[in-house]
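Beneath this line is the structure, given in structure tokens, with notes to follow.
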Number of protein chains: 2
Amino acid sequence: MKDLPPPPGDLAPNVLHPLCPSRQVLQMLTSRWGALILVALAGRTLRFSQLRRELGDVSERMLAQTLQGLEAHGMVRRVAHDVVPPHVEYSLTLIGDEAAGLVRGLAGWVERRLPDILSVASQR
Amino acid sequence: MKDLPPPPGDLAPNVLHPLCPSRQVLQMLTSRWGALILVALAGRTLRFSQLRRELGDVSERMLAQTLQGLEAHGMVRRVAHDVVPPHVEYSLTLIGDEAAGLVRGLAGWVERRLPDILSVASQR
DNA sequence: GGAAGTACGTACATTTTTGTAAGTATCAAC
DNA sequence: GTTGATACTTACAAAAATGTACGTACTTCC
């Protein structure tokens with residue numbers, strides 16, 4: 001089981017290349033709920049429903065689906081306690097934490113620059 | 001890209017708040033073509049068709065639409081030379097360059113970590 | 001003369017994403 | 001005993017994103 005050559009035929013991974021897998025990974029990290037889940041999960045562990053309330057308006061379906069995608073790519077860790085009323089905890093993996101840091105950086109920048117962005121006076 | 005909802009009735013901008021405009025701005029910066037356009041435009045000026053070839057597979061419709069959204073939010077500057085065969089140049093604004101830097105950071109990270117991400121061995 | 005390049009706009013069609021509602025098993029509170 | 005909470009899944013449906021094809025007004029190249 002060795003590493004597969006990431007970019008099919010190409011030399012290095014490049015998001016500008018249509019067929020490079022990096023593009024899909026980037027899209028999952030920046031997808032509507034993907035990005036917000038990373039932000040919400042940064043530095044803490046949350047249960048499914050806590051996460052749901054945290055994001056405010058995700059449907060259960062989307063939350064579950066997005067979490068599965070993030071988990072499948074090693075960004076999120078899922079720990080299920082086999083108890084009667086289900087109890088499942090989600091947290092970031094090491095690599096997920098790295099991604100979250102970058103996503104948070106972007107989200108934070110948007111929040112700080114929001115006034116300038118909304119008053120499109122920031123031209124030039 | 002849709003219109004932004006009412007300003008934040010909350011104290012500070014927060015992407016985790018469903019009604020905060022920052023959420024839409026973040027989405028536009030991280031949208032499929034929005035993010036890639038920022039990456040492609042970082043540090044240089046490109047014409048419409050050059051940008052199109054650069055991204056590899058955007059349709060003209062999506063490129064034009066996404067560029068308009070970015071321009072409307074002051075991220076991209078559009079300069080049209082009124083000549084016979086159209087000649088339009090696109091470049092980043094100051095604020096657009098800031099956003100592009102962060103998006104590139106994320107994209108670059110994905111490219112570098114791709115092997116680890118694809119071989120989901122990066123757990124823990 | 002015919003083809004291609006340029007920067008789009010505009011219908012229309014398809015694909016992808018996201019949401020809604022209901023179901024599951026069990027326990028606790030009212 | 002009805003309701004609510006928990007963590008989902010599964011059909012089905014609506015909404016949003018994206019693509020396709022064609023038109024434009026010229027000019028250059030073959």
Side-chain angles (χ1 to χ4, degrees), chain A residues 15-16 18-19 21 23-37 40-41 45-73 76-91, chain B residues 1-5 15-16 18-19 21 23-38 40-41 45-73 76-91:
Chain A
V15 294
L16 290 184
L19 298 179
R23 201 181 256 206
Q24 274 126 268
V25 172
L26 179 62
Q27 275 183 229
M28 100 172 269
L29 296 181
T30 59
S31 68
R32 178 168 185 191
W33 300 120
L36 297 181
I37 286 176
L41 231 40
T45 293
L46 293 176
R47 295 180 58 174
F48 186 85
S49 52
Q50 290 182 306
L51 205 39
R52 187 155 142 66
R53 283 187 289 269
E54 202 65 35
L55 303 186
D57 59 347
V58 219
S59 61
E60 297 189 344
R61 188 180 163 291
M62 270 299 105
L63 181 55
Q65 195 172 298
T66 307
L67 279 170
Q68 286 165 7
L70 290 171
E71 190 194 353
H73 286 80
V76 163
R77 184 187 307 119
R78 190 189 104 113
V79 179
H81 300 274
D82 192 21
V83 290
V84 188
H87 184 118
V88 183
E89 296 178 335
Y90 289 94
S91 55
Chain B
M1 294 179 186
K2 302 210 59 179
D3 296 323
L4 300 175
V15 294
L16 290 184
L19 299 179
R23 199 181 260 205
Q24 268 105 295
V25 172
L26 179 63
Q27 274 183 230
M28 137 172 170
L29 297 180
T30 59
S31 68
R32 177 168 185 193
W33 301 119
L36 296 182
I37 286 175
L38 291 180
L41 231 39
T45 293
L46 293 177
R47 295 181 58 174
F48 186 85
S49 53
Q50 290 182 308
L51 205 38
R52 186 156 142 66
R53 283 188 288 269
E54 203 64 35
L55 304 186
D57 60 346
V58 218
S59 61
E60 298 188 344
R61 188 181 164 289
M62 270 300 105
L63 181 56
Q65 195 172 297
T66 308
L67 279 171
Q68 285 165 9
L70 290 171
E71 189 194 355
H73 285 81
V76 162
R77 184 185 308 121
R78 191 190 105 112
V79 178
H81 300 274
D82 192 21
V83 290
V84 188
H87 184 119
V88 183
E89 296 179 336
Y90 289 94
S91 55

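We name chains A, B, ... by the order of the sequence lines, and we start the count at 1 in each one.
To the nearest angstrom, C1' of D/dA7 lies 11 Å from CG of A/Leu67. Atom-to-atom, CD of B/Gln68 to P of C/dA7 comes out at 14 Å; the value is rounded to the nearest Å. Atom-to-atom, CG of B/Asp57 to P of D/dG19 comes out at 7 Å; the value is rounded to the nearest Å. For B/Leu51 and C/dC8, the CG to C1' distance is 14 Å, given to the nearest whole Å. B/Met28 has its CE atom 13 Å from the P atom of D/dT18, to the nearest Å. Regarding A/Leu55, its CG atom lies at a distance of 13 Å from the P atom of C/dT18, rounded to whole Å. Rounded to an integer number of Å, the gap from CG of B/Leu63 to P of C/dC8 is 8 Å. Taking atom CH2 of residue A/Trp33 and atom P of nucleotide C/dT18, one finds them 8 Å apart after rounding to whole Å.
Note that CZ of B/Arg47 is 8.5 Å distant from NE2 of B/His81, once rounded to the nearest 0.5 Å. Here the straight-line distance linking atom CG of B/Leu51 with atom OH of B/Tyr90 works out to 8.5 Å at 0.5 Å rounding. In this structure, CG on A/Leu55 lies 10.0 Å from CZ on A/Arg32, to the nearest 0.5 angstrom.
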For nucleotides 4-6 of chain D, which of its nitrogen or oxygen atoms have a protein nitrogen or oxygen under 3.5 Å away, and what is each distance?
residue : atom : partner : partner atom : Å
D/dT6   : O3'  : A/Arg47 : NH2          : 2.9
D/dT6   : O3'  : A/Pro86 : O            : 2.9

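A heavy-atom distance below 4.5 Å is not found between the side chains of B/Glu54 and B/Leu41. When side chains are defined from C-beta on, B/Ile37 counts as touching B/Leu63, because their heavy atoms get closer than 4.5 Å. The shortest side-chain heavy-atom distance between B/Thr45 and B/Arg77 does not fall under the 4.5 Å cut-off.
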Checklist entry - Step by step, would you call A/Val79 with A/Val88 a side-chain contact (heavy atoms from CB on, under 4.5 Å)? => result CA-CA 6 Å; A/Val79 179; A/Val88 183; over 6 Å; no
Checklist outcome for this item: A correct 5'-to-3' footprint of nucleotides 12-17 of chain C, with B, S and - meaning base, sugar-phosphate only and no protein heavy atom under 4.0 Å, is ------
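For the residue pair A/Leu36 and B/Val15, the shortest heavy atom distance occurs at CD2-O, 3.7 Å. Across all their heavy atoms, B/Leu29 and B/Leu70 have their closest contact at CD2-CD2, 4.4 Å. Among all heavy-atom pairs drawn from A/Pro18 and B/Gly56, the shortest one is CG-CA, 3.9 Å. Nearest heavy-atom pair, B/Leu46 versus B/Ala40, reported as atom, atom and distance to 0.1 Å: CD1-O, 3.8 Å.
Annotation: the terminal axes of the helix from C/dG1-D/dC30 to C/dC30-D/dG1 meet at 10°, where each axis is the rotation carrying the C1' atoms of four end pairs onto the next four (5 pairs per end, rounded to 10°).
Annotation: of the two residues near DNA chain C, B/Arg78 and A/Val58, the 5′-most nearest-nucleotide partner is B/Arg78.
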